[in-house]
Amino acid sequence: MGRNQIRQCSEIRVVFHRPEPVRYGWFVLMVAVLVIAGVWMNKKPQIQTELSEDAPKTAAGLCISETELDVQNLKIRIAGNERDLTFREAKLLDYFFRHSNELLERERLLKNIWEDEGIIVDRSLDVFVSRLRKILAQDTGLRIVNVRGVGYRLEAE
């Protein structure tokens with residue numbers, strides 16, 4: 001208002017460009033990769049089992065006392081009650097069943113159960129044995145005994 005303005009300097013031009021169409025190729029590829037990775041990671045791990053000739057067997061797996069262990073399906077049946085197991089619980093219990101009434105050193109258990117993970121945590125064995133003791137408490141003919149300073153033994157009557 002107080003000064004003279006040149007008309008050409010006060011013009012503002014706004015130009016809108018049309019956006020390019022969105023391409024979904026990369027998005028679809030990423031979703032496909034994530035779906036495949038999710039399916040692969042959620043796949044149940046298979047435990048390699050070799051039934052020895054002297055191990056008690058049933059159609060589903062191993063059987064000691066009133067307890068039947070189905071390692072492939074990660075299940076345990078005690079006196080007719082079925083329960084799901086984790087992969088590691090099933091693998092450890094399978095090892096105990098195959099070596100029942102035998103003293104198993106801690107190092108041997110850690111090597112055979114956790115060696116494929118790369119990182120072995122000594123306390124993991126104690127935690128899983130505690131879990132298995134609670135599960136096996138229903139069967140009075142089975143118990144996991146701690147042999148101080150050496151390892152564990154699955155005692156079957």
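Owing to the predicted nature of the structure, the values given are computational and were not obtained by experimental measurement.
The salt bridge (Lys or Arg N to Asp or Glu O under 4.0 Å) test applied to R131 returns E89, not counting sequence neighbours. Legend: residues meeting side chain to side chain contact (heavy atoms under 4.5 Å, CB included) with A156, ordered by chain and number and at least two apart, are I64, N101, L142. Here N81 pairs with nothing under the side chain to side chain donor-acceptor pair (under 3.5 Å) rule; sequence neighbours left out. In this structure R83 satisfies the salt bridge (Lys or Arg N to Asp or Glu O under 4.0 Å) test with no other residue, sequence neighbours excluded.
Minimum interatomic distance between R133 and I144 (heavy atoms only, all atoms of both residues): NE-O, 2.9 Å. For the pair V150 and L103, the tightest heavy-atom approach, listed with the atom from each and the gap, is CG1-CD2, 3.6 Å.
Among residues at least two apart or in separate chains, salt bridge (charged side-chain N to carboxylate O under 4.0 Å, His left out) pairs with a member in residues 136-154 are R143-E155, R153-E155. Every pair passing ring pair (Phe, Tyr, Trp, His ring centres under 6.0 Å) that includes a residue from residues 126-157 is listed here, sequence neighbours excluded: W114-F128.
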Step by step, would you call F97 with E68 a side-chain contact (heavy atoms from CB on, under 4.5 Å)?
-> CA-CA 10 Å; F97 268 47; E68 183 179 332; over 6 Å; no
### Query
Please walk me through it: do I135 and L85 pass side-chain contact (heavy atoms from CB on, under 4.5 Å)?
CA-CA 9 Å; I135 293 170; L85 296 171; 3.7 Å; yes
request  = For salt bridge (Lys or Arg N to Asp or Glu O under 4.0 Å), just list the numbers for R77 and D70, CA-CA rounded to whole Å, side-chain angles, deciding distance to a tenth of an Å, and then say yes or no.
outcome  = CA-CA 8 Å; R77 186 176 296 113; D70 184 358; over 6 Å; no
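Side-chain contact check for L136 versus L154: some heavy-atom pair is nearer than 4.5 Å. Side-chain contact between L125 and L92 is present, with heavy atoms from C-beta onward closer than 4.5 Å. In this structure, V129 and L109 have side chains that are not in contact, with every pair of non-hydrogen atoms separated by 4.5 Å or more. No side-chain heavy atom of R106 sits less than 4.5 Å from a side-chain heavy atom of K111. Looking at heavy atoms from C-beta onward, D84 lies out of side-chain contact with I76 at the 4.5 angstrom threshold.
Between the NZ atom in K91 and the CG atom in L74 there is a gap of 12.0 Å [rounded to 0.5 Å]. Remark: L69 CG to L93 CG distance equals 5.0 Å, nearest 0.5 Å.
D94 places no side-chain N or O within 3.5 Å of a backbone atom of A90 that could act as its donor or acceptor partner.
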